[in-house]
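Have a look at the structure below before the remarks.
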Amino acid sequence: MFLGNYLQIPSHRFFNFQSLLILPCMTEKKPAPLDTEMLKHIFTHNLNRIYFGKCYLDKHLGHLISVGSFPALQMAMEEFWGDIKRQITRMDEIYALIGETPSDKNCNPIKSIVKDNFCIDEAQAMPILTDMDIISYMQLLEHINITACSMLKIIASKLQMVEAEQLLVECFDESIDNDHLFMLITREYITAD
């Protein structure tokens with residue numbers, strides 16, 4: 001419950017939101033600027049995560065398409081698969097531009113999600129449950145890609161890697177389009193007569 005500028009939280013303590021606005025201004029602490037080598041390391045690290053996640057998804061998307069029951073979902077996933085292949089090709093170009101080789105030595109959250117088989121190998125009483133699980137996971141993966149591409153675009157801009165930044169913009173735009181596509185499929189599925 002709101003009480004003036006305070007919020008009562010379940011522990012019955014009060015929290016002053018104005019203190020959040022004042023605190024950052026008072027402390028003036030900013031992170032230390034990152035040097036070029038550190039920015040390149042962060043860029044490559046995050047590019048690797050997206051790249052190997054997309055490669056792993058590329059290898060397993062055929063199975064996911066076969067499990068879907070709604071024809072529009074299957075068609076959307078086929079389109080999504082084509083986008084994944086184009087994104088992998090663009091990322092290969094980025095690696096060539098920055099003189100790096102892809103490395104899969106770190107934990108990859110996207111691979112972990114896909115390895116989980118999206119929990120769709122369990123038989124469901126209604127096919128819509130499996131289809132909605134697939135859509136949810138596809139959107140989750142695209143949101144990870146959207147976020148990562150946003151960060152990579154910022155770093156590419158800071159490092160003045162114009163071509164890499166443009167390739168990331170294209171990956172980002174496709175991910176936004178795919179997120180919208182899966183939302184439209186959900187709407188069509190739910191509102192179908």
Side-chain angles (χ1 to χ4, degrees), residues 40-124 127-153 155-156 163-186 188-189:
K40 285 181 182 176
H41 179 78
I42 294 167
F43 184 88
T44 304
H45 171 82
N46 286 287
L47 184 63
N48 283 334
R49 287 186 171 223
I50 296 173
Y51 181 82
F52 285 100
K54 291 288 183 172
C55 288
Y56 191 86
L57 187 57
D58 182 40
K59 292 176 187 169
H60 294 87
L61 206 52
H63 171 67
L64 291 174
I65 293 169
S66 72
V67 173
S69 67
F70 189 50
L73 173 59
Q74 291 172 323
M75 286 181 7
M77 290 176 66
E78 290 284 347
E79 182 178 322
F80 176 65
W81 201 356
D83 290 343
I84 287 173
K85 290 178 183 310
R86 282 186 292 281
Q87 289 172 6
I88 290 169
T89 300
R90 285 188 202 108
M91 286 184 271
D92 284 332
E93 290 178 48
I94 293 170
Y95 282 113
L97 287 169
I98 64 174
E100 292 286 341
T101 303
S103 172
D104 193 18
K105 64 182 177 183
N106 293 318
C107 170
N108 192 305
I110 296 174
K111 279 174 58 174
S112 297
I113 292 169
V114 177
K115 279 184 180 179
D116 187 23
N117 291 322
F118 296 169
C119 301
I120 60 168
D121 287 336
E122 298 174 15
Q124 297 287 343
I128 188 172
L129 296 176
T130 300
D131 289 346
M132 289 297 127
D133 283 346
I134 291 170
I135 291 170
S136 294
Y137 279 109
M138 291 294 109
Q139 286 188 286
L140 174 65
L141 295 173
E142 285 307 87
H143 286 215
I144 292 169
N145 198 58
I146 289 165
T147 302
C149 281
S150 294
M151 180 180 51
L152 289 170
K153 288 187 311 179
I155 297 170
E163 291 177 69
E165 186 178 3
Q166 179 56 42
L167 292 166
L168 289 164
V169 165
E170 293 169 22
C171 289
F172 176 87
D173 289 347
E174 279 179 344
S175 292
I176 293 285
D177 290 345
N178 286 326
D179 179 50
H180 290 147
L181 175 63
F182 286 114
M183 187 51 64
L184 289 172
I185 297 296
T186 301
E188 180 182 343
Y189 204 144

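Atom OG1 in Thr186 sits 3.5 Å away from atom CD1 in Ile135 (nearest 0.5 Å). Put simply, CG on Leu64 and OG1 on Thr130 are 11.0 Å apart, with the number rounded to the nearest 0.5 Å. Interatomic distance, CZ of Arg90 versus CD of Gln166, reported as 9.0 Å (0.5 Å rounding). The distance from the CG atom of Leu167 to the CD atom of Glu93 is 5.0 Å, given to the nearest 0.5 Å. Once rounded to the nearest 0.5 Å, the distance linking CD1 of Ile144 with SG of Cys149 reads 12.0 Å. Rounded to the nearest 0.5 Å, atoms SG (Cys55) and NE2 (His60) are 12.0 Å apart.
Here the closest heavy-atom approach between residue Ala148 and residue Ile50 is recorded as CB-CD1, 3.0 Å. Here the shortest heavy-atom pairing between Phe43 and Ala156 reads CE1-CB, 4.0 Å. Nearest heavy atom pair, residue Ser175 against residue Ile146, reads CB-CG1, 3.6 Å. Between Ile185 and Ala72, the shortest heavy-atom contact is CD1-O, 3.6 Å. Contact between Ser69 and Asp131 at its shortest, heavy atoms only, is OG-OD2, 2.6 Å.
Leu61 is listed as a side-chain neighbour of Met77, based on a closest heavy-atom distance under 4.5 Å. In this structure, the side chains of Met91 and Pro102 stay at 4.5 Å or more apart for every pair of heavy atoms. Ile88 places a side-chain heavy atom less than 4.5 Å from the side chain of Asp92.
Listed for the Glu100 side chain is no donor-acceptor partner under 3.5 Å among the backbone atoms of Tyr95. Between the side chain of Asp179 and the backbone N or O of Glu142 there is no donor-acceptor pair closer than 3.5 Å. At least one donor-acceptor pair under 3.5 Å links the side chain of Asn46 to the backbone N or O of Ile42. In this structure, the side chain of Asp83 does not engage the main chain of Glu174 through any donor-acceptor pair within 3.5 Å.
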Inset, instruction - Given side-chain contact (heavy atoms from CB on, under 4.5 Å), test Val169 with Asp173 step by step and report yes or no. - result: CA-CA 6 Å; Val169 165; Asp173 289 347; 3.7 Å; yes

Legend entry - Stepwise side-chain contact (heavy atoms from CB on, under 4.5 Å) test for Leu141 and Met138: CA-CA 5 Å; Leu141 295 173; Met138 291 294 109; 4.3 Å; yes

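Counting heavy atoms of neighbouring residues, nucleotides and ligands inside a 6.0 Å radius, atom CE of Met151 exceeds 12 of them. When the shell of 6.0 Å around NE2 of His143 is examined, it contains more than 12 heavy atoms from other residues, nucleotides or ligands.
Using modelled atom types, one finds no donor on one side chain facing an acceptor on the other under 3.5 Å when comparing Gln74 with Glu78. No side-chain donor-acceptor contact under 3.5 Å links Asp104 and Tyr51.
Under the rule for a ring pair (Phe, Tyr, Trp, His ring centres under 6.0 Å), the partners of Phe182 that lie at least two apart in sequence or sit in another chain are Phe80.
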